[in-house]
Amino acid sequence: MITYHKKMSILGKKFFEQPTLKVAKELLGKFLCTPKEKFMITEVEAYDGPKDKASHAYKGKTARNTPMFGPAGVWYVYFVYGMHNMLNIVVGSKNYPAAVLLRGLLSSPRAKLDGPAKLTKFLKIDRKFNGKKAVPKNNLWIEDLGVKIKKSQIKSSPRIGVQYAGEWAKKHYRFYL
DNA sequence: ACGATGATGAAC
DNA sequence: TTCATCATCGTA
């Protein structure tokens, strides 16, 4: 049972400009919103800065990762494995490449949303959203509905699928409830 | 365990 | 212009 404590507020640039790991942890318990539905975020991964070897931004700015170098609060959606879209929200200040990958949502009666490609498939999120601001006008945004997450509820682990990243592969940049 | 399936970035 | 690589999923 989810209880609501305060008025909803749409998360904007100010929230996403905070340090990457802080934003990643605080996104747990927030809601990914479309005009029709709202889903609580339950799993994320942080990709933090130009030195993060697991990040797309590690090799510098390219055509694909350009949104990561832009202002915070913008969607970064990319295609992998020939069939899956990944949804990230850009964080950190402009020219500091960082993003948080949304990996899981609280499942609805209609679908399990416990993987980064499952949620994008279910919500029909593809590269049309890449580079767009996370605001209601663009039909995809994030809200704080007042759900309180205790620190003890947040677990962490190394990120998934980044074994090539050396020391960076060991960092506990994955957070989940 | 592995195949599906295509964009990406770097080498040649 | 080719090639290895890839922040995965579903079926086995």
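Naming: A, B, ... by sequence-line order, numbering from 1 per chain.
If you measure from atom CD of A:E43 to atom C1' of C:dT8, you get 12 Å, rounded to the nearest angstrom. For A:K53 and C:dA7, the NZ to P distance is 13 Å, given to the nearest whole Å. When rounded to the nearest whole Å, the span between CZ of A:R127 and P of B:dG6 equals 11 Å. In this entry the distance linking CD of A:Q163 with P of C:dC6 reads 7 Å, nearest Å. Atom CE in A:M68 sits roughly 12 Å away from atom P in B:dG9 (whole-Å rounding). Atom CZ of A:F122 is separated from atom P of C:dC9 by 15 Å (rounded to the nearest Å). Computed from coordinates, the A:Y78 OH to C:dT8 C1' distance equals 10 Å when rounded to whole Å. Atom CG in A:L119 sits roughly 17 Å away from atom P in C:dA7 (whole-Å rounding).
Put simply, A:Y47 rests on the base of C:dA7: the two rings are less than 5.5 Å apart at their centres and nearly parallel, under 30°.
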With side chain to side chain donor-acceptor pair (under 3.5 Å) as the criterion, how do A:D48 and A:T20 come out once you've worked through the C-alpha distance, each side chain's angles and the decisive distance to 0.1 Å? CA-CA 6 Å; A:D48 187 25; A:T20 309; 2.7 Å; yes
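At least one side-chain nitrogen or oxygen of A:R103 sits closer than 4.0 Å to the OP1 or OP2 atom of C:dT8. Contact annotation: A:H56 side-chain N/O to C:dA7 OP1/OP2 distance is under 4.0 Å. In terms of phosphate contacts, A:Y76 brings no side-chain nitrogen or oxygen within less than 4.0 Å of OP1 or OP2 of C:dA7.
Both A:L32 and A:V147 belong to a common hydrophobic cluster when Ile, Leu, Val, Met, Phe, Trp and Tyr are linked at side-chain heavy-atom distances under 4.5 angstrom. There is a path of hydrophobic side-chain contacts, each under 4.5 Å, that joins A:F39 to A:L119. In the hydrophobic clustering of ILVMFWY residues, with side-chain heavy atoms under 4.5 Å counting as a link, A:F15 and A:V74 come out apart.
The partner of C:dA7 is absent, by the rule that a Watson-Crick or G-U pair needs both atom distances under 3.5 Å. The pairing partner recorded for B:dT5 is none, the criterion being a Watson-Crick or G-U wobble arrangement whose two distances lie under 3.5 angstrom.
Residue-level contact check: A:L101 touches the bases, meaning some heavy atom is under 4.0 Å from a base atom. No contact: A:R174 has no heavy atom under 4.0 Å from any strand. If you check every strand for non-hydrogen atoms under 4.0 Å, A:M83 touches a base. Contact annotation for A:R64: backbone-only contact, meaning every heavy-atom pair under 4.0 Å involves sugar-phosphate atoms and none involves a base. Among the heavy atoms of the strands, none lies under 4.0 Å from A:K121.
Closest contact between the side chain of A:N88 and the listed nucleotides B:dG9, C:dA7, C:dT8 involves C:dA7. Side-chain proximity of A:K118 to the nucleotides C:dC9, B:dA7, C:dA7 is greatest for C:dC9. The listed nucleotides are B:dG6, C:dA7, C:dC9; the one nearest the side chain of A:F79 is B:dG6. Nearest to the side-chain atoms of A:K59 among the listed nucleotides B:dA7, B:dA10, C:dA7 stands B:dA10.
The base of B:dA4 does not come close enough to the side chain of A:Y81 for any donor and acceptor atom to sit less than 3.5 Å apart.
Ion pairing between a basic and an acidic side chain is recognised when a charged N comes within 4.0 Å of a carboxylate O; A:K38 and A:E143 show such pairing.
Both the sub-6.0 Å distance and the 45° axial angle are not jointly satisfied by A:R159 relative to the ring of A:Y173.
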